[in-house]
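Working notes for the structure below.
Every number for a ligand or one of its atoms is a count from 1 in the order of the listing.
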Amino acid sequence: MKLIVTGGAGFIGSNYIIYTMKAHPEDQVICLDALTYAGNLENLKSVENNPNFTFYKEDIRNREGVYKIFEKEKPDVIINFAAESHVDRSITNPQIFVETNVLGTQVLMDACRKYGIKRYHQVSTDEVYGDLPLDRPDLFFTEQTPIHASSPYSASKASADLLVGAYHRTFGLPCTISRCSNNYGPYQFPEKLIPLMISNAEHDKPLPVYGNGMNVRDWLYVEDHCKAIDLIIRKGTVGEIYNIGGHNEMHNIDIVKIIVKALGKSEDLITYVKDRAGHDRRYAIDPTKIHNELGWLPETMFKDGIQKTIQWYLDNKDWWENIVNGEYQNYYKKMYENR
Ligand code: NAD
Ligand code: TYD
């Protein structure tokens with residue numbers, strides 16, 4: 001099988017490539033990535049010399065460039081991870097989110113129609129469902145929950161999902177969609193909660209907790225997400241949506257405290273800052289469908305996954321120090337100074 005993995009130099013995409021090339025060494029994997037601020041070829045060092053791996057620096061918004069790659073490579077399966085992925089950035093600059101996440105998805109699906117593929121898989125998010133109240137722990141997102149996005153990021157992902165559904169129904173494109181909860185693990189860009197707190201704590205910098213820290217996210221170890229996607233593209237039913245999540249809900253503040261403790265730092269570093277605009281209160285996935293239909297279950301418990309992740313960041317300081325000492329500093333100042 002020949003796969004094009006878009007956004008394969010980012011956090012989840014690179015974890016997916018590393019996972020799938022081990023699990024299916026006979027497959028050919030093509031990474032198509034524009035290498036935005038979030039894309040990093042360092043993430044793919046362990047596979048770069050594998051003869052079954054190819055990299056193209058290309059933008060999914062560039063129709064001509066994308067078509068050329070499809071024409072040359074004739075892929076069987078496309079997995080679209082490429083996206084602008086950070087809610088805070090979508091609040092300061094929504095435009096690029098619509099361009100990449102919606103129009104980029106359209107270009108990819110047009111390429112799939114033109115050149116013919118066996119499967120187009122859209123990597124979506126539980127954030128398309130909006131949020132759940134904090135005082136209703138009995139409520140979960142199912143695949144039937146109506147789309148109700150809160151941020152420009154989630155609205156752009158929801159729009160892309162609608163377009164994928166339309167391409168399936170109108171043009172018969174063989175599509176699947178997965179909607180996963182928050183991921184954590186190696187290679188996550190340090191603007192997201194867990195790596196940001198690890199890198200700040202290591203530098204004894206304040207740990208900026210939005211609002212009162214009681215917002216809830218449903219955390220899944222990234223490799224479990226990769227395994228779920230692998231199952232969906234091989235065994236999932238065309239036209240279906242699959243929710244992915246491991247019933248691991250945590251308050252933000254509790255995650256920050258776990259990190260502080262694991263690193264032997266003081267809780268005095270925790271600083272409550274102005275809340276995020278439109279901040280979603282709680283995400284919680286009901287993964288019954290993917291469990292019943294495809295036999296997927298998460299394998300990494302949070303208590304183990306978070307320790308593995310913290311250890312990875314301690315063992316790979318160069319990887320994130322290069323990021324936090326570079327251009328990212330300007331972003332950090334803009335987001336957190338005077339907050
Ligand atoms: P990321 O920001 O770490 O990586 C995104 C990758 O896409 C980068 O390598 C970047 O260079 C590339 N990219 C961005 N714009 C592009 C463009 N125009 N053309 C080609 N490549 C482009 O994101 P991530 O956290 O790895 O998320 C991957 C996907 O999973 C996204 O679609 C996201 O919506 C979804 N998702 C993420 C999470 C999470 O917790 N991180 C949870 C559920 C779903
Ligand atoms: P994030 O990692 O940005 O993921 P998402 O917004 O997609 O869930 O944030 C996770 C949670 O952590 C979210 O409720 C916002 C909060 N948060 C902070 O409290 N401080 C921070 O510096 C960041 C980046 C996030």
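Glu321 and His203 are linked by a side-chain donor-acceptor pair at a separation below 3.5 angstrom, with hydrogens and angles left out of the test. Judged purely by distance below 3.5 Å, without hydrogens or angles, the side chains of Asn200 and Tyr336 never pair a donor atom with an acceptor atom. A donor-acceptor pair shorter than 3.5 Å cannot be found between the side chains of Glu84 and Tyr153.
At a heavy-atom cutoff of 4.0 Å, ligand 2 is contacted by no atom of Ile194, backbone or side chain. Using a 4.0 Å cut-off between heavy atoms, Tyr153 makes no contact with ligand 2 at all.
Atom 7 (O) of ligand 2 has its closest protein heavy atom at Glu127 OE2, 2.6 Å.
Every atom of ligand 2 is numbered from 1 in the order shown, and the set under 4.0 Å from a heavy atom of Pro208 is 18 (C), 19 (O), 20 (N), 21 (C), 22 (O). Each of the following atoms of ligand 2 lies closer than 4.0 Å to a heavy atom of Asn182: 4 (O), 5 (P), 8 (O).
Within 4.0 Å of ligand 1, contacts by protein heavy atoms are made from Gly7, Ala9, Gly10, Phe11, Ile12, Asp33, Ala34, Leu35, Thr36, Ala38, Gly39, Glu58, Asp59, Ile60, Arg61, Phe81, Ala82, Ala83, Ser85, Thr100, Val123, Ser124, Thr125, Tyr153, Lys157, Cys180, Ser181, Asn182, Asn183, Lys192.
The aromatic ring centroids of Phe189 and Tyr328 lie less than 6.0 Å from each other.
Under the 4.0 Å criterion applied to side-chain N and carboxylate O atoms, Lys45 and Glu48 are assigned as salt-bridge partners.
Residues passing the side-chain hydrogen bond (donor to acceptor under 3.5 Å, both in side chains) test with Glu58, sequence neighbours excluded: Asn62. Applying the side-chain hydrogen bond (donor to acceptor under 3.5 Å, both in side chains) criterion to Thr288, with sequence neighbours excluded, gives Asp286.
Taking a 4.0 Å cut-off on heavy atoms, Glu191 registers as neighbouring ligand 2.
Considering only non-hydrogen atoms, atom 10 (C) of ligand 2 lies nearest to Leu193 out of Leu193, Val87, Leu196.
For residues 124-141, the set of pairs meeting the side chain to side chain donor-acceptor pair (under 3.5 Å) definition, not counting sequence neighbours, comprises Ser124-Asp161, Glu127-Tyr283, Tyr129-Arg179, Tyr129-Asn243, Asp131-Arg281, Arg136-Asp138.
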